[in-house]
J.: 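Structure provided below as structure tokens; questions to follow.
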Amino acid sequence: MNYSKKIDAKWQEKWKKENLYKYNPNGEGKKFYTMEMFSYPSGAKLHLGHWFNYAPSDSYARFKKMQGYNVFHPMGFDAFGLPAENYAIKTGIHPEDSTLKNIETMKMQLDEMGGSYDWDYSVQTCMPDYYKWTQWIFVKLYEAGLAYKKEAPVNWCNSCKTVLANEQVINGQCERCGTAVERKKLAQWFFKITKYAQELLDGLDTLDWPESTKKVQINWIGRSEGSEVTFKGETGDYEFNVFTTRVDTINGVTYVVVAPESELVQKITTPEQKEEVDKYIKETAKLNEIDRLSTERPKTGVFTGAYVINPVNGNKVPVWIADYVLEDYGTGAVMAVPAHDTRDYAFAQKYNLPIKKVIDSADGQEITLPFTEKGILVESGKYNGLTSEEAKNKITEDLAAKGEGKKSINYRLKDWLVSRQRYWGAPIPIIYCDKCGTVVVPEKDLPVLLPYDVEFKPDGESPLKKSQEFMNCTCPKCGGPATREADTLDTFVCSSWYELRYPDAKNSEKAFERETINKLAPIDTYIGGKEHAAMHLIYVRFMTKVLRDLGYLDFDEPFKKLIHQGMILGPDGNKMSKSKGNTVSPEEYIEKYGSDIFRMYIMFGFDYRQGGPWDEKGIDSMVRYFSRIERLIEQVLTLKNAKTDMNIGPKEKELLRVKNQTIKSMGEDINNFQFNTAIARSMELLNKINEYIRESKQLNEKIVLETVETYMKLLAPLAPHFAEEQWEKLSKTESIHKQKWPEINKQEMDGGTKDIPVQVNGKLKLCVTVDADMSPEDILKKIKETPKVIEILENNKIKKEIYVPGKIYNLVVEK
RNA sequence: GCCGAUGUGGCGGAAUUGGUAGACGCACUGGAUUCAAAAUCCAGCGGGAAACCAUGUGGGUUCGAGUCCCACCAUCGGUACCA
């Protein structure tokens with residue numbers, strides 16, 4: 001075989017010289033913006049996962065280009081974040097140094113892969129020319145009231161003296177030292193994503209996304225309709241609301257539960273119960289993370305000593321606190337109906353609280369408690385006999401009339417906590433002044449540069465706090481001495497708008513030009529792992545809507561179509577990991593075989609959306625395929641100057657039919673990210689060409705040549721270097737990547753022959769071969785003239801005859 | 001528990017969306033070539049002697065089901081007391 005890494009290098013150099021992948025915003029063709037989720041440059045090299053995401057996606061972009069679109073296919077780096085910082089803590093190598101070095105290596109490797117990127121349109125989120133605009137976005141959100149600061153519980157490791165991100169909490173323990181993580185309240189910055197909860201939910205309908213991913217977002221947003229009901233203290237000096245989706249069960253309330261963290265608790269607890277309540281609050285704060293992982297954990301709680309009045313029936317019920325009630329959902333307080341809620345039931349049993357049944361089954365059947373389904377109201381005074389749905393409306397109406405309740409919608413979605421007490425991130429552009437309070441950094445002073453020389457070993461404080469140079473500043477309002485915010489932004493903020501920056505990556509005046517992005521957006525195809533279904537993909541949607549409302553762009557959703565690639569597992573079927581020793585490195589394969597063979601194998605051996613365990617035996621099959629192609633080209637070259645023979649017989653027709661069929665199905669397959677079948681189809685075409693050459697006594701050389709040229713074009717997006725090399729051998733001077741995707745000749749495609757199956761009672765009996773271009777009527781005629789069919793018709797009593805024109809013929813006979 | 005995905009030969013995986021199940025490839029078997037081997041080429045390759053039986057299991061709808069409906073099983077992901 002001639003193909004090797006050398007050929008890759010030869011063409012990469014040439015393409016670079018010719019600026020083959022230069023993006024022209026005013027280029028011909030309809031715009032097509034396709035991108036993959038950019039990568040985090042944590043390791044020094046591209047791993048198999050990168051390859052599996054990027055190589056097929058690149059083939060897709062190349063295909064779209066051949067189809068005549070003006071393709072924009074950028075790539076960048078999500079360069080801020082914890083791994084680099086942790087690596088720095090471990091090795092002493094500064095995050096900036098390691099990150100920039102990794103980016104250079106990865107860029108080089110992406111080029112070696114044959115990626116069709118234009119690096120003039122790229123972003124690196126850790127560079128000031130990018131994070132200046134991340135900060136600018138923060139400023140805009142702050143000015144719009146969409147960024148705010150408040151006390152919030154964070155994950156705290158008391159041994160590392162640091163705040164941990166949720167991802168760093170493994171089974172309730174610190175990922176680094178294994179210490180149990182505590183909840184601690186700290187002042188944190190938030191983005192008001194909850195304001196967009198409903199729109200984020202509604203927008204999903206308009207998107208061409210996998211249903212499962214939409215479902216994840218629906219659950220994440222967690223809309224729930226119900227009622228808010230006011231319970232007043234028996235003494236009348238306080239009141240609070242509970243949220244419930246089952247207000248129809250309100251007559252069955254036997255107690256009320258408040259979250260232990262709720263401020264209300266201090267207010268209502270009686271002196272006698274104070275000691276017990278305080279002790280319980282302390283315990284929950286400590287045990288929280290670990291214990292909340294277990295739903296099997298027995299419910300615990302304590303009585304506050306307080307009583308409240310049920311606004312519907314005037315009953316006096318006790319108020320408890322229990323950690324199964326969460327502070328930050330609903331109102332942080334619930335009405336407990338043990339007869340009709342499993343959690344309340346368990347709790348009531350444990351603490352001997354009364355259980356009162358108020359719902360019966362609608363069909364009169366015997367029920368067992370807790371009965372959580374809807375039914376008919378009983379023991380509910382004037383509401384007796386109503387269905388649950390009727391009662392919900394009626395009771396809420398009655399309460400509303402008295403000002404003691406209302407309809408209410410709750411979302412599970414919480415505001416987005418964006419501050420991190422970490423070094424390697426974009427500084428939050430906020431200044432604290434004794435005189436003026438919280439002041440946002442004016443646009444002209446951006447970016448707030450991240451200082452290089454900082455002690456970033458964790459000790460419980462934001463590393464930036466230790467840099468006097470950074471912290472001390474002057475107030476932009478009064479000019480007096482002031483201090484900077486020491487926290488940095490969550491990296492998800494950086495990645496929540498990068499697709500807007502790509503087309504304008506070098507704009508020093510604006511984050512992005514409105515006209516430009518309006519023209520290119522939304523992204524036609526976004527490709528990346530489904531692990532981002534909830535976080536990243538919601539944040540980008542949120543940011544798009546915010547920037548739209550602030551007038552910076554004119555579309556509602558960032559990503560029209562979303563594709564998730566699968567995951568390549570280790571040869572043992574497990575997730576690849578260094579500790580399991582089942583990792584596979586692309587490098588040695590590229591070195592040995594060249595990048596196209598690796599790319600083609602990756603695409604051929606797996607379902608793109610599914611992935612699967614790595615199996616290197618498959619690579620040899622691809623080597624074989626490439627050699628067969630090379631041999632075909634050599635063979636064809638001997639024909640080049642031969643005379644052409646214009647005879648078009650059945651064999652030629654058949655070859656032309658397969659050629660056109662291949663153009664069609666490969667186009668459809670690549671468009672659907674079904675690279676495995678696209679390559680299978682290309683193999684079929686090769687087999688057909690070989691068969692034709694082998695079996696023809698008189699070759700129609702013109703047809704062979706044309707078919708081979710078409711074949712190379714079909715291969716061009718899938719094996720860019722290899723196809724270009726063969727193209728050159730065929731004495732072509734213009735790059736194959738400037739060629740158009742071949743057109744289908746309908747007439748040729750419908751030529752040749754096809755087999756029509758003949759069934760008896762739905763079971764295949766024989767096939768009748770007909771000319772593919774025959775009319776359905778003639779096909780039926782031919783079928784009926786077939787001796788075997790005549791025999792069946794004569795020997796059986798035919799009850800029914802089904803003929804799907806040109807597809808299938810089925811006879812129903814009496815048995 | 002809830003939500004989601006998947007289940008087809010020895011293996012990776014196909015089936016135009018209700019119409020020839022197993023495309024394409026790997027592995028395997030036989031043959032050609034070779035002194036021999038590798039490579040290559042050709043042929044075969046779900047089970048069964050056959051009728052037939054076969055797409056996780058059991059039902060159903062249909063002329064016809066891998067595909068649609070009902071019930072269940074298994075595996076893998078996600079999620080975690082959301083009132």
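Chain naming here is simple, since letters A, B, ... match the order of the sequence lines and numbering starts at 1 in each. Below, each value reflects all heavy atoms present in this structure, side chains not excepted, and no hydrogens, waters or symmetry copies.
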J.: If you check the A:Y329 side chain, which of B:A23, B:G13, B:C82 turns out closest?
T.: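 Of the candidates, B:C82 comes closest.
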J.: When you measure from the side chain of A:S224, which nucleotide among B:A23, B:C3, B:A83 comes out closest?
T.: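 Closest nucleotide to the A:S224 side chain: B:A83.
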J.: NA contact type, A:N219, heavy-atom cut-off 4.0 Å: base, sugar-phosphate, or nothing?
T.: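 Counting heavy atoms under 4.0 Å across all strands, the contact made by A:N219 is with sugar-phosphate only.
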J.: B:U57 and B:A74: how far apart are their C1' atoms, nearest whole angstrom?
T.: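 Straight-line distance between the two C1' atoms is 10 Å.
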J.: Is any side-chain heavy atom of A:I679 closer than 4.5 Å to a side-chain heavy atom of A:Y601?
T.: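 No - every pair of side-chain heavy atoms lies 4.5 Å or more apart.
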J.: Just name whichever nucleotide pairs with B:G12, Watson-Crick or G-U, keeping both distances under 3.5 Å, else none.
T.: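 B:G12 is paired, partner B:C24.
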J.: Does OP1 or OP2 of B:C41 have a side-chain N or O of A:R631 closer than 4.0 Å?
T.: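 A:R631 to B:C41 OP1/OP2: side-chain N or O found under 4.0 Å.
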J.: Would you say the side-chain atoms of A:R609 and A:N672 include a donor-acceptor pair closer than 3.5 Å?
T.: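 No, no side-chain donor-acceptor pair sits under 3.5 Å.
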J.: Considering the options A:T786, A:V768, A:V789, which one meets the side chain to side chain contact (heavy atoms under 4.5 Å, CB included) requirement together with A:Y809?
T.: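 Of A:T786, A:V768, A:V789, side chain to side chain contact (heavy atoms under 4.5 Å, CB included) with A:Y809 is met by A:V789 alone.
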J.: Specify the residue among A:Y608 and A:A333 whose closest nucleotide of RNA chain B lies further upstream toward the 5′ end.
T.: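 It is A:Y608 whose nearest nucleotide is closer to the 5' end.
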J.: Taking the chi torsion of B:U57, is it syn (within 90° of 0) or anti (everything else)?
T.: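 For B:U57, whose glycosidic angle is more than 90° from 0, the conformation is anti.
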J.: A:M683 has a side chain; which of B:C24, B:C82, B:C41 sits nearest to it?
T.: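 Closest nucleotide among those given: B:C24.
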J.: Base, sugar-phosphate or nothing for A:Y411? Non-hydrogen atoms, less than 4.0 Å.
T.: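 Contact class for A:Y411: none.
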J.: Please state the P separation for the pair B:U6 and B:C68 - nearest whole angstrom.
T.: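 Looking at atom P only, B:U6 and B:C68 are 10 Å apart.
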J.: To the nearest Å, how far apart are A:Q610 CD and B:G7 C1'?
T.: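 These atoms are roughly 10 Å apart.
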J.: Please classify the glycosidic conformation of B:G78 as syn (within 90° of 0) or anti (everything else).
T.: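 Anti conformation here, the glycosidic angle of B:G78 being more than 90° from 0.
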J.: Using the C1' atom as the point on both nucleotides, what is the distance between B:U61 and B:U67, in whole Å?
T.: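 Straight-line distance between the two C1' atoms is 14 Å.
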J.: Pairing check on B:C41: which nucleotide meets the Watson-Crick or G-U wobble criteria with it, both distances under 3.5 Å?
T.: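 Pairing partner, where one exists within any strand: B:G31.
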J.: For nucleotides B:C73 and B:C24, find the distance between their P atoms and express it as a whole number of Å.
T.: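 The same atom, P, in both gives a distance of 38 Å.
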J.: Under 4.0 Å, heavy atoms only, any strand: does A:G611 hit a base, just the sugar-phosphate, or nothing?
T.: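 Here A:G611 touches the backbone only, sparing every base.
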J.: Have a look at A:Q759 and say if it touches a base, only the backbone sugar-phosphate, or nothing, with a 4.0 Å heavy-atom cut-off.
T.: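 Base, at least one base heavy atom under 4.0 Å.
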J.: Please report, rounded to the nearest Å, how far the P atom of B:A83 is from the CD atom of A:E373.
T.: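 About 16 Å, once rounded to whole Å.
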J.: Which of these nucleotides, B:C82, B:A14, B:C42, is closest to any side-chain atom of A:R681?
T.: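 Out of B:C82, B:A14, B:C42, the nucleotide with an atom closest to A:R681's side chain is B:A14.
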J.: Is the phosphate of B:C26 approached by A:K617 (side-chain N or O, under 4.0 Å from OP1 or OP2)?
T.: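 The answer is no; no side-chain N or O of A:K617 sits under 4.0 Å from OP1 or OP2.
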J.: Can you tell me, in whole Å, how much space there is between the C1' of B:G22 and that of B:G7?
T.: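 Pairwise C1' distance, B:G22 against B:G7, rounds to 16 Å.
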J.: Sort out for me which residue in A:T662, A:L655, A:T707 forms a side chain to side chain contact (heavy atoms under 4.5 Å, CB included) with A:K688.
T.: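 Only one of A:T662, A:L655, A:T707 forms a side chain to side chain contact (heavy atoms under 4.5 Å, CB included) with A:K688, namely A:L655.
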J.: Rounded to the nearest Å, what distance is computed from the NZ atom of residue A:K350 to the C1' atom of nucleotide B:C81?
T.: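 My rounded result for the distance is 14 Å.
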J.: Within less than 4.0 Å of OP1 or OP2 of B:A27, is there a side-chain N or O belonging to A:R624?
T.: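 For B:A27, OP1/OP2 do have a side-chain N/O of A:R624 under 4.0 Å.
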J.: Is A:K575 touching bases, backbone alone, or none of the nucleic acid, heavy atoms closer than 4.0 Å?
T.: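 Touches nothing.
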J.: Using the benzene-type ring in the case of Trp, are the ring centres of A:F492 and A:W416 under 6.0 Å apart?
T.: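 Ring centroids of A:F492 and A:W416 are no less than 6.0 Å from each other.
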J.: Could you check which of B:A21, B:A83, B:G19 has an atom nearest any side-chain atom of A:L764?
T.: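 Looking only at heavy atoms from C-beta outward on A:L764, the closest nucleotide is B:A21.
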J.: Between C1' on B:C24 and CZ on A:R628, what's the gap in Å once rounded to a whole number?
T.: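 In whole Å, B:C24 C1' lies 11 Å from A:R628 CZ.
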J.: For A:K763, which contact category applies under a 4.0 Å heavy-atom criterion: base, sugar-phosphate, or nothing?
T.: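 Sugar-phosphate only.
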J.: Any strand counts, and the cut-off is 3.5 Å on both contacts for Watson-Crick or G-U wobble. Which nucleotide pairs with B:A54?
T.: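 None - no nucleotide pairs with B:A54, as no candidate has both distances under 3.5 Å.
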J.: Taking only the P atom of each, what is the distance from B:G9 to B:A51 in whole angstrom?
T.: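 It works out to 23 Å between them.
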J.: Considering every strand and a 4.0 Å limit on heavy-atom distances, what is the contact class for A:G618: base, sugar-phosphate, or nothing?
T.: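 No contact.
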J.: Report the distance from atom CG of A:D607 to atom C1' of B:A15, rounded to the nearest whole Å.
T.: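 From A:D607 CG to B:A15 C1': 13 Å.
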J.: Of the non-hydrogen atoms in A:A772 and A:G751, which two are nearest, and what is the gap between them?
T.: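 Smallest heavy-atom distance, with atoms named: CB-O, 3.3 Å.
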J.: Quick one: look up who B:A49 pairs with, Watson-Crick or G-U, both distances under 3.5 Å, and put none if it's unpaired.
T.: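 Here B:A49 is not engaged in any pair, so there is no nucleotide opposite it.
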J.: Assess the residue pair A:N241 and A:T230 against the criterion (side-chain hydrogen bond (donor to acceptor under 3.5 Å, both in side chains)); give the C-alpha distance rounded to whole Å, side-chain angles, the decisive distance to 0.1 Å, and a yes or no.
T.: CA-CA 4 Å; A:N241 289 352; A:T230 308; 2.8 Å; yes
J.: Check this for me: does the side-chain of A:K299 come within 3.5 Å of the base of B:C81 through a donor and an acceptor?
T.: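 Side chain to base: pair present.
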J.: Taking for each residue the nucleotide of RNA chain B with the nearest heavy atom, is it A:N690 or A:G762 whose nucleotide lies nearer the 5' end?
T.: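 Closest to the 5' end, via its nearest nucleotide, is A:N690.
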J.: For the pair A:F371 and A:H340, name the ring-plane relationship: parallel under 30°, tilted 30 to 60°, perpendicular over 60°.
T.: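 Aromatic pair A:F371/A:H340 classed perpendicular.
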J.: If the plane angle is over 60° it's perpendicular, under 30° parallel, otherwise tilted; pick one for A:F673 and A:F675.
T.: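 The rings of A:F673 and A:F675 stand perpendicular, inter-plane angle above 60°.
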J.: Is there a side-chain polar atom (N or O) of A:K800 under 4.0 Å from OP1 or OP2 of B:C63?
T.: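 Affirmative; the distance criterion is met.
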J.: For B:G64, give the paired nucleotide (Watson-Crick: N1-N3 plus N6-O4 or O6-N4; G-U: N1-O2 and O6-N3; both under 3.5 Å), or none.
T.: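 The answer is none; no pair meets the criterion.
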J.: With a 4.0 Å limit, can you tell me whether A:N810 has a side-chain N or O closer than that to the phosphate oxygens OP1/OP2 of B:G19?
T.: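 No, A:N810 has no side-chain N/O under 4.0 Å of OP1/OP2 on B:G19.
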J.: Are any of A:K765's side-chain N or O atoms less than 4.0 Å away from OP1 or OP2 of B:C52?
T.: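 Checking B:C52 against A:K765, a side-chain N or O does come within under 4.0 Å of OP1 or OP2.
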J.: Return the value, rounded to whole Å, for the distance between atom CH2 of A:W614 and atom P of B:C11.
T.: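 After rounding, the reported distance stands at 20 Å.
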J.: Return the nucleotide paired to B:U79: Watson-Crick means purine N1 to pyrimidine N3 with N6-O4 or O6-N4, wobble means G-U with N1-O2 and O6-N3, both under 3.5 Å.
T.: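 Base-paired to B:G1.
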J.: Locate the shortest heavy-atom distance separating A:P571 from A:N582; write the atom from each residue and the value.
T.: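 Between these two residues, the closest heavy atoms are CD-O, 3.6 Å.
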J.: Rounded to whole angstrom units, what separation is found between the NZ atom of A:K754 and the P atom of B:G19?
T.: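 For the pair A:K754 NZ and B:G19 P, the rounded distance is 15 Å.
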J.: Pick base, sugar-phosphate or nothing for A:V812, based on heavy-atom distances below 4.0 Å to the nucleic acid.
T.: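 It contacts sugar-phosphate atoms only.
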J.: I'd like the C1' distance from B:A27 over to B:C45, given in whole Å.
T.: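 Looking at atom C1' only, B:C45 and B:A27 are 11 Å apart.
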J.: Output the rounded distance in Å from OH (A:Y324) to C1' (B:C81).
T.: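 My rounded result for the distance is 9 Å.
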J.: For a quick check of understanding: with a heavy-atom distance under 4.0 Å over all strands, which category does A:D755 fall into, base, sugar-phosphate or nothing?
T.: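 Counting heavy atoms under 4.0 Å across all strands, the contact made by A:D755 includes a base.
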J.: Expressed as a whole number of Å, how far does the P atom of B:C72 sit from that of B:C26?
T.: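 B:C72 and B:C26 have their P atoms separated by 43 Å.
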J.: Has A:R246 got a side-chain N or O lying under 4.0 Å from the OP1 or OP2 atom of B:A83?
T.: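 For B:A83, OP1/OP2 do not have a side-chain N/O of A:R246 under 4.0 Å.
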